[in-house]
There are 2 protein chains.
Amino acid sequence: MALYASGEDYLEAILVLQRKMGAVRSVDLDRHMNFSKPSISNAVGLLKKGGFLEVDGNGSLLLTGLGREVAEQIYERHQFFTRQLIAAGVDEKLAEEDACKIEHAISEESFRKWKAELEG
Amino acid sequence: MALYASGEDYLEAILVLQRKMGAVRSVDLDRHMNFSKPSISNAVGLLKKGGFLEVDGNGSLLLTGLGREVAEQIYERHQFFTRQLIAAGVDEKLAEEDACKIEHAISEESFRKWKAELEG
DNA sequence: CCTTTTTGTTAGCTTATACTAACCTTTGGG
DNA sequence: CCCAAAGGTTAGTATAAGCTAACAAAAAGG
């Protein structure tokens, strides 16, 4: 099952929220991303079907190995682009916003090389 | 009328083709981008309606001031990201592909500042 | 215990962006 | 001069990703 920009964003959000607050349920995603409950519910269903996460008896979202891998990759990109933009003088809010879009647009290969070049 | 990633790509392609071969018709776009004729036709219609281009009696696509402005902005981003990635060791083909996606994801403000920072 | 709130799902809609199949023009060579 | 090719449009379809309205189930607390 393919993963798209949207799915990457959900996985990243789950990772971030897990680090911040331990267990993460759909409703936490709901509050963190600004999407409606049905959108979250639908996205979580797709990620489950794709093997990126599982839902336990308490409704907690658990990243699988695959899901965690993707989430960490995307989050690393997020941080890199945010740092770069802030270093260039962009204010934090905009830097985050733009990083959040760029992170889905670049290939892993380009990212690795560019990061090595700029921060290596 | 709003302009999306897709529209930006068409405008950029028109600009590039104009520079390379003078007049540009839909069929030239057709060959340059790998989309079907109806997709091109539809996109051109939307760009016309949005005031980004006009079509003359010969079917040539003429960028308006607005259209040219957008096209040049996007093309500048395209060139910047391609250069950066190539400088980081990414091969040209992938650099172009990734640049082509990143160019739509970044805000003008972030782009200006980042370009100034990296290429002074 | 019953009611309200919290949480999640279903059903159905919208929009951006692509596609194919089929059709209509215009144009240009034999 | 006619027929084929080239160029472009129409109609209908698909998919990713969001939305609202309405419902269902579970938890919480007076």
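Protein chains get the first letters and strands the later ones, always in sequence-line order, with residue 1 at the start of each.
Residues passing the side-chain hydrogen bond (donor to acceptor under 3.5 Å, both in side chains) test with A/Glu76, sequence neighbours excluded: A/Arg112, A/Lys115.
Residues of residues 27-46 of chain B that place a heavy atom closer than 4.0 Å to DNA chain C, in numerical order, are B/Asn34, B/Phe35, B/Ser36, B/Pro38, B/Ser39.
Through ILVMFWY side-chain contacts below 4.5 Å, B/Val27 is grouped with nothing and stands alone. The other residues sharing a hydrophobic cluster with B/Leu17 are B/Leu3, B/Tyr10, B/Leu11, B/Ile14, B/Leu15, B/Val16, B/Met21, B/Val24, B/Leu29, B/Met33, B/Phe35, B/Ile40, B/Val44, B/Leu47, B/Phe52, B/Leu53, B/Val55, B/Leu61, B/Leu63, B/Leu66, B/Val70, B/Ile74, B/Tyr75, where clustering joins ILVMFWY side chains under 4.5 Å apart.
In this structure, CD in A/Glu109 is found 10.0 Å from CG in B/Leu85, a value given to the nearest 0.5 Å.
Running 5' to 3' along DNA chain D, contacts with non-hydrogen atoms of chain A at under 4.0 Å begin and end at D/dA16 to D/dA21.
Listed by first then second residue, pairs satisfying side-chain hydrogen bond (donor to acceptor under 3.5 Å, both in side chains) with a partner in residues 28-38 of chain A read A/Ser36-A/Ser39, not counting sequence neighbours.
Atom CG in B/Asn58 sits about 11 Å away from atom P in C/dG28, given to the nearest Å. Per the geometry, CG belonging to B/Asp9 stands 13 Å off C1' belonging to C/dA16, to the nearest Å. Atom CG in A/Leu61 sits about 11 Å away from atom C1' in C/dG8, given to the nearest Å.
Within the 4.0 Å cut-off from OP1 or OP2 of C/dG8, not a single side-chain nitrogen or oxygen of A/Arg25 is found.
In A/Glu117, the CD atom is crowded: over 12 heavy atoms of neighbouring residues, nucleotides or ligands sit closer than 6.0 Å. Within a 6.0 Å sphere centred on NZ of A/Lys101, other residues, nucleotides and ligands contribute more than 12 heavy atoms.
The aromatic rings of A/Trp114 and B/Phe81 lie perpendicular to each other, with more than 60° between the two planes, well past the 30° mark.
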